[in-house]
Structure formats: structure tokens, C-alpha cells
Amino acid sequence: MGVPEIPPIETCFHGRHIQPQILANLSRDSWNLDGYLKRGGYSALKKIFGANGENPMSQQEVIAEVKASALRGRGGAGFPTGLKWGFMPSQLPVQKYLVCNSDEGEPGTFKDRDILRYNPHIVIEGMTIAAYVMGINCGYNYIHGEIWDVYERFEEALEQAKKANLLGGKILGSSFSFDLHASPGYGAYICGEETALLESLEGKKGQPRFKPPFPASFGLYGKPTTINNTETFAAVPWIINNGGDAYLKVGKPNNGGTKIFSVSGDVEIPGNYEVPLGTPFSELLKLAGGVRSGRSIKAVIPGGSSMPVIPGDVMMDIDMDYDSIAKAGSMLGSGAVIVMDDSRCMVRSLLRLSYFYYEESCGQCTPCREGTGWLWRMVRRIEYGEGNLEDIDKLNEIADNIQGRTICALGDAAAMPVRAFIKHFKSEFVQHIENKGCYFNDAQ
């Protein structure tokens, strides 16, 4: 498929040499089953089923390791994975479903597609382990429709796993069976929201559902369903092979293991970097080659375009984990780190983000349907010299009337950047209004 060669990836954290758990030793053919097996692939699944002669692990033993690991959902919410799996009664005698959310549509996020492109079997193994824990025999991986090559790659990996009896009926000679299917989306950002994803899987228009009921009780086709992100499933095999306590020690309390950060924007080496949770942002920035052309850092969006922006000087003192980012007034989100240097106009940056959320609103909720367009038009007026000082307060008022008032979090995703940009960079909005347009690039 013309996939470029990927060199081995290594990272360093506080003087401790850390081998990545998901992106380790990847190359052009690493997606193949043979390549995955050479790297120790499916050893966690074999361990659970006792395929190597050891005693099989019970469902309770497996979920205990996941809980001990403090693995939190890597899709954005950061909900404890072991706790989520515990919501699904493993012995419930009804049809249940397992769903992987690979609908990666958040601007700045590109980690899941690389996991599926270069290491798809680690996701298959993680999903199979999760299905065993919860007594589920059918699963789906919903893959973003604009990365068709990734969908095809995952389909090939599924066929390889089935032929090797690592999927399907009586896996590895056990009594457990699990069928896993790939399903392409169609590029709608809203389908990254879990209930909109379920609607799309059912062949309906991708719009969020009211909650409750939650997917754990009423999910796909009205049946109990557990949904996790691609990276979350990919973390599970390492936990089973090495133990939950070992995974937790790689990160920090309440933030176990490694995290893949998609670093983009004004850096010398954009890309995916897998580092332990709790790594200082300054260290992550060094891995990405620092700010481009030796310029100064101005602002950072730490978790995808929907997260509140943080001034660059503040960000340099923050650790990359859920709790530290939250304390700083933002969220870790999907781990998409967007770096902006001192050549960037903050009004123009917000204009681009606001247009995205206006364009991607599904239109189901009035505050989002009407409010996102209102926000975009007002920011556009300010950018092009047609705004007035009252617009700044009005933007905050509109954002406040959207946030927390919609069925899903897309309204929040549109509102939070507006409030944060104004909070930290209000002077630029004022100068745009007073100077009747964007002065910024001329001032550099």
C-alpha cells in the first residue's frame, strides 16, 4: 500500500529508558500477523486461555489486572476502563456487543489511524480479551470513513487472525468464541460521539441519543454494549502480559501507562509520540524537535481542537496527564497537542476552529445548531474589521448558552475554545476591533 518505513521508536522519561507499549519496533510489514507474532503478539490472549500450558485466567482475574492498571479511556473522556468493563455482567444471558471507536475526526488527532495502519493486531487482541472478560461474542470496529486504506488494512488483519484461530469459533481451542467486524463511517465528526456512532452502525443518521439509558444497558440494536477507543484496547495486551501494577508504575497515580500524543502545528517534527503519562510538556516538545524555526511558543491546545487553549508559558510547566491538564483549566482529551508559535493570530485561529464546529453540527439541538453559526459569524466579523467591543461579551454569552445545554458534547466543543481564547488572548480581539482588522502578521 505504499506505507513508508517507520524507524524503531524509543523515548526517555526522567532518566528512565521506556520502551513504548503500542508503537514499539514498527516497520513496513509490522501490520502482518507474522510480524506481530515475532514481537510477542497474542501472548496475552494465549496466557488468558492457557494455550502455552499455564493455568487459564478467569474473567475476574483479567478485569482485576485492568482495574489495577488505572487504564483510563484514551478517546477523550478518561473514564476508568476496568470500571467500565465491570458495568457489563459477564454472565448476562442476552446478546451483547463490543464496539471500538476508531472514528477519529477531531482536528489535530491522528494516533488511532497509525495504530490501525501499523499495528492492527494489537487492537484485535485487546478487543478479544475485553470480549472474553464481559462474555461478549460479537464486536465491531467503527473506522473513520476518510481513512479508507486503514479500513482495508484492518480487514486484512481480521482475516489473518481468523485463519490462525485467534478470532471466530472456539479461539485457541477454548470454549470462547468472538466474531469481530470492521465498519466504515462516512467522515461525520459527530459519529465520534458514542451514541451517534451506534446510530450510524445501525444504518441510521448519525445523531446522538438522549442518555439515560446508557449504552451499557441499551446500546447497539438496543442490547447492552461496551464502547472503548482504539488506543484503550491497544493498551490491554501489555497489561495482561506484565501486570496492572507494572502498567501503573510506568505512569503516575490515577494515570497509568503510556499515552500516544499527536503533536502538530508549529513544531519541527510533527508526529505521534508515545510517552508515559505524567511526562512534562517541555520533554514532549523536545521530542517533537521544539518550536519551528526557533520561534517562541505562544499557545497550546493540549487535547484536540475542542479543548480550551493554554498560554505557551503556562504550558511549559505542566505535566501531560489527565489531572495536571485539568488543574490548568483544560483537558487531555484525545491527546492531540496543537502547538502555536508567536506568529499566529489567535482570532484567526479561533475563526478556523469555530467554522469546523459550525460545519459539523448535526443540527439536532437548537443551541448547537443556531449557536455554532452565530459564534463563527461573530468571530469572522472581528477578524475582518467589522466587529465592536460589545461582541466580545456577546461571544462569551453565546458560548455560555451553548455549553451544557445540548444532548452531546459537540456544543461544549464549540463553546470551550471561544471562552478560552477570549480569556487568555482578549487583547488581540480588542486590537482587531480597534484597528479594524487583523494587524498581527503585519506586526511581526
Taking [Y]'s backbone N and O only, do any of them form a donor-acceptor pair with [X]'s side chain (distance below 3.5 Å, no angle check)?
X      : Y      : result
Asp400 : Asn396 : no
Thr372 : Cys368 : yes
Gln364 : Pro208 : yes
Thr81  : Leu71  : yes
Arg74  : Asn229 : no
Glu159 : Glu156 : no
Arg39  : Gly35  : yes
Thr225 : Leu220 : yes

Should Lys259 and Glu231 count as an ion pair when the cut-off is N to O under 4.0 Å?
-> yes
Do Lys327 and Asp319 sit within salt-bridge range, that is, some charged N less than 4.0 Å from a carboxylate O?
-> no
Taking salt bridge (charged side-chain N to carboxylate O under 4.0 Å, His left out) as the test, write out the residues that go with Glu202, two or more places apart.
->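 With sequence neighbours excluded, Glu202 shows a salt bridge (charged side-chain N to carboxylate O under 4.0 Å, His left out) to Lys204, Arg209, given in chain and number order.
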List the residues meeting ring-ring contact (aromatic ring centres under 6.0 Å, His included) with [X], not counting sequence neighbours, and say none if there are none.
X      : value
Phe281 : none
Trp376 : Tyr355, Tyr358
His144 : none
Phe356 : Tyr189

Does NZ or CZ of Arg72 lie under 6.0 Å from the centre of the six-membered ring of Phe79, at an angle within 45° of the ring axis?
->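 Arg72 over Phe79 ring: no.
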Qualifying salt bridge (charged side-chain N to carboxylate O under 4.0 Å, His left out) pairs with a residue from residues 174-194, counting only residues at least two apart or across chains =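 Sorted result for residues 174-194: Glu193-Lys211, Glu194-Lys211.
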Will you find, in the side chains of [X] and [Y], an N or O donor that is under 3.5 Å from an N or O acceptor?
X      : Y      : answer
Ser262 : Thr109 : no
Asn255 : Asp323 : yes
Tyr142 : Ser102 : no
Asp114 : Asn272 : yes
Tyr247 : Glu65  : no

Taking side chain to side chain contact (heavy atoms under 4.5 Å, CB included) as the test, write out the residues that go with [X], two or more places apart.
X      : value
Ala68  : Asp245
Thr366 : Arg369, Glu370
Pro311 : Asp313, Val314, His424
Ser174 : Phe49, Ile171, Phe176

Not counting sequence neighbours, which residues clear side-chain hydrogen bond (donor to acceptor under 3.5 Å, both in side chains) with Ser306? List them please.
-> Glu106
CG-CD1 distance between Leu353 and Ile301, expressed to the nearest 0.5 angstrom | 5.0 Å
If a pair satisfies side chain to side chain donor-acceptor pair (under 3.5 Å) and one of its residues is in residues 129-140, list it, with sequence neighbours excluded.
->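 For residues 129-140: Gln95-Asn137.
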Count the heavy atoms belonging to other residues, nucleotides or ligands that lie under 6.0 Å from NZ of Lys162, then report whether that count exceeds 12.
->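 Enclosed.
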Stepwise, does the salt bridge (Lys or Arg N to Asp or Glu O under 4.0 Å) test hold for Asp266 with Lys298?
-> CA-CA 10 Å; Asp266 299 323; Lys298 183 175 184 178; over 6 Å; no
Which one of Leu172, Ile124, Thr128 satisfies the side chain to side chain contact (heavy atoms under 4.5 Å, CB included) criterion with Tyr42?
->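 Passing option: Ile124.
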